[in-house]
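What follows is a short report on a single structure.
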Amino acid sequence: MSFTVNTLRNVTTACQQMRDHIKTIVFRPDNRKTLDISFGPTIAAELIGRTPEALAKAEAKGRLPQPKTQPNGRRYYTLEDLTHIRSALGIHVGKQPDEDAVVLAVQNFKGGVGKSTITKHLADYLALHGYRVLVIDCDPQASTTTMFDIQPETLIDDEQTLGAFLSPRSTFSNFAETIRDTPWPTIKIVPSSLGLQDAEWDLTSTLREGGQAVRESLQALRIGIASVTKDFDVILLDPPPAMGFLGLNVMAAATGLLIPVPARQLDYLSTIHFMDTIADNIEILEQNGTPVSYGFIRVVCSAFSPSKPGENDMWRIMQATYAGLLLGQPILASEEIKNATQAFRSIYESKPSASHQTYTRCRDNLDAVFAEVEQQIRQQWPSTSLTADVSVAA
């Protein structure tokens, strides 16, 4: 083994050992992520679309079980409790059974724009509000996979992976078997694996065959998603940062596009090229028998620091440039987000790392941004209004 290869292997081993050590600290005592999330009556009622008084009334009538109580007597609810309450009260948040999931790609070619962080936080937000979510990590870097506490290297001998499904050389064809559980009861994931980069090469090799082989390779992910699209409300795609065959598969499978753009000049300028490339590649897909039509395209300003004059200027430029495509709220830069992701968590899974006020401001900001995305998602279904037992609200 050469010196270079040996050095790289040693560094990889050391990094993996350090990662595992960090996880033993963060996820004590069993080195696995568990959800330690609970809600008081006010937050619980807000998440399910009721008042605390309506919940208490339903509990008093026996329509709901009594909530759990802390030693100090305060009532609280778990995530599983919220799911049970929605079911018991007939509150249906997502699509109807005959409708398809919205397939949303969080895409930008430039690294460091917050793509994986946004995907993870949006998934958690949607799950908190009662949606069934599937996350598909299409990036060989596997950042989103790691955030959901799955180690990509553990899948190296597993044939039931996204890479095996997409590869034209593989005989594995059951997309549903690539889906894994997460600590969130209503979030599933198709993790990235070490074979995903190999699948990119295998897909690219179909160019030599042309015709039908190319069309099949471009539609592979779309076909897989079609087999499970009735089982989820929202399917989030975390694409690779480059537009190869994996990226083209994501574009072909998506029905909506969310583009993160930091309020920095270089990121703004690179997004001009990104938009142009997206248009070029959609034309390539259509020329190869793969029509693409997005129900919505939205730009979100990410990691925004309003105290920096340069970023305020860029925010105004983005508002003028993107017009109706730009979400009204930017995602604010926050140490809370940075600290949460370092602990393999989202804000929605974390306790405040600084002051409670700072944490609340960060979470409220994310809620406002994702509420806009949620509105766009809901508009894709014919049944756009919530269905519920209205007698409970009275």
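Residues: numbered from 1 along the sequence shown. Below, each value reflects all heavy atoms present in this structure, side chains not excepted, and no hydrogens, waters or symmetry copies.
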Over all atoms of both residues, closest heavy-atom pair of [X] and [Y]:
X	Y	result
Ala44	Leu82	CB-CD2, 3.8 Å
Ala101	Phe232	CB-O, 3.2 Å
Ala56	Arg75	CB-NH1, 4.2 Å
Pro41	Leu55	O-CD1, 4.4 Å
Arg86	Leu47	NH2-O, 3.3 Å
Val93	Arg378	O-NH1, 2.5 Å

Donor-acceptor under 3.5 Å ([X] side chain, [Y] main chain):
X	Y	answer
Tyr359	Ile347	yes
Thr360	Gln357	no
Thr145	Pro191	no
Thr178	Phe175	yes
Ser217	Val214	yes
Glu372	Val369	no
Gln141	Pro240	no
Gln96	Ser383	no
Asn365	Arg361	no
Asp139	Asp238	no

Residues [X] and [Y]: side-chain donor-acceptor under 3.5 angstrom:
X	Y	value
Asp137	Ser192	no
Gln380	Thr255	no
Asp81	Thr78	yes

Quick one: do Thr171 and Glu159 satisfy side chain to side chain contact (heavy atoms under 4.5 Å, CB included)? Show the steps, please.
CA-CA 10 Å; Thr171 59; Glu159 186 176 318; 4.3 Å; yes
Any [X] side-chain heavy atom under 4.5 Å of [Y] side chain:
X	Y	value
Pro152	Thr146	yes
Val135	Thr182	no
Asp198	Ser167	no
Phe344	Asp149	no
Val373	Leu104	yes
Gln376	Leu258	no
Gln342	Lys338	yes
Leu218	Phe245	yes

Roughly how far, to the nearest 0.5 Å, is the [atom2] atom of [Y] from the [atom1] atom of [X]?
X	Y	atom1	atom2	answer
Glu80	Thr186	CD	OG1	9.0 Å
Leu196	Leu246	CG	CG	5.0 Å
Thr358	Asn339	OG1	CG	11.0 Å
Ile118	Ile331	CD1	CD1	4.0 Å
Leu126	Phe370	CG	CZ	8.5 Å
Leu269	Phe274	CG	CZ	15.0 Å

Would a single hydrophobic cluster contain both Leu221 and Trp201, if residues Ile, Leu, Val, Met, Phe, Trp and Tyr are joined by side-chain heavy-atom contacts under 4.5 Å?
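No, no single cluster joins them.
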Hydrophobic clusters here meaning ILVMFWY residues chained together by side-chain heavy-atom distances under 4.5 Å, can you tell me if Ile223 and Ile179 are in one?
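No.
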When the side chains of residues 284-297 are checked against the rest of the protein, which donor-acceptor pairs come out under 3.5 Å, sequence neighbours left out?
from   : atom 1 : to     : atom 2 : distance (Å)
Asn288 : ND2    : Ile284 : O      : 2.8
Thr290 : OG1    : Gln219 : NE2    : 3.0
Tyr294 : OH     : Met251 : O      : 2.8

Applying side chain to side chain donor-acceptor pair (under 3.5 Å) to Gln212 and Arg215, what does each step give before you reach the verdict?
CA-CA 5 Å; Gln212 183 64 24; Arg215 279 192 293 275; 3.2 Å; yes
Parallel, tilted or perpendicular: which one describes the rings of Phe172 and Phe165, with boundaries at 30° and 60°?
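Plane angle over 60°, so perpendicular.
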Would you call the rings of Phe304 and Trp315 parallel, tilted or perpendicular, taking 30° and 60° as the class edges?
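Aromatic pair Phe304/Trp315 classed tilted.
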Can we call the ring centroids of His121 and Tyr125 under 6.0 Å apart?
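So the answer is no for these two rings.
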One pair to check against side chain to side chain contact (heavy atoms under 4.5 Å, CB included): Asp267 and Met314. What are the steps and the verdict?
CA-CA 10 Å; Asp267 293 291; Met314 286 307 306; over 6 Å; no
Check ion pair Lys95-Asp233 (N to O, under 4.0 angstrom)
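Salt bridge between Lys95 and Asp233, a charged N being under 4.0 Å from a carboxylate O: no.
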The test is side chain to side chain contact (heavy atoms under 4.5 Å, CB included); show your working for Asp124 and Trp184 and say whether it passes.
CA-CA 8 Å; Asp124 291 0; Trp184 289 74; 3.5 Å; yes
For Met275 and Val299, run side chain to side chain contact (heavy atoms under 4.5 Å, CB included): C-alpha distance rounded to whole Å, both residues' side-chain angles, the deciding distance at 0.1 Å, then the answer.
CA-CA 11 Å; Met275 298 281 196; Val299 176; 3.9 Å; yes
Determine which pairs satisfy salt bridge (Lys or Arg N to Asp or Glu O under 4.0 Å) with at least one residue from residues 296-314, sequence neighbours left out, and list them in order.
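Only Asp313-Arg316 qualify under salt bridge (Lys or Arg N to Asp or Glu O under 4.0 Å).
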With side chain to side chain contact (heavy atoms under 4.5 Å, CB included) as the test, pick out the partner of Asp231 among Ile235, Thr229, Val228.
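When side chain to side chain contact (heavy atoms under 4.5 Å, CB included) is applied between Asp231 and each of Ile235, Thr229, Val228, only Val228 qualifies.
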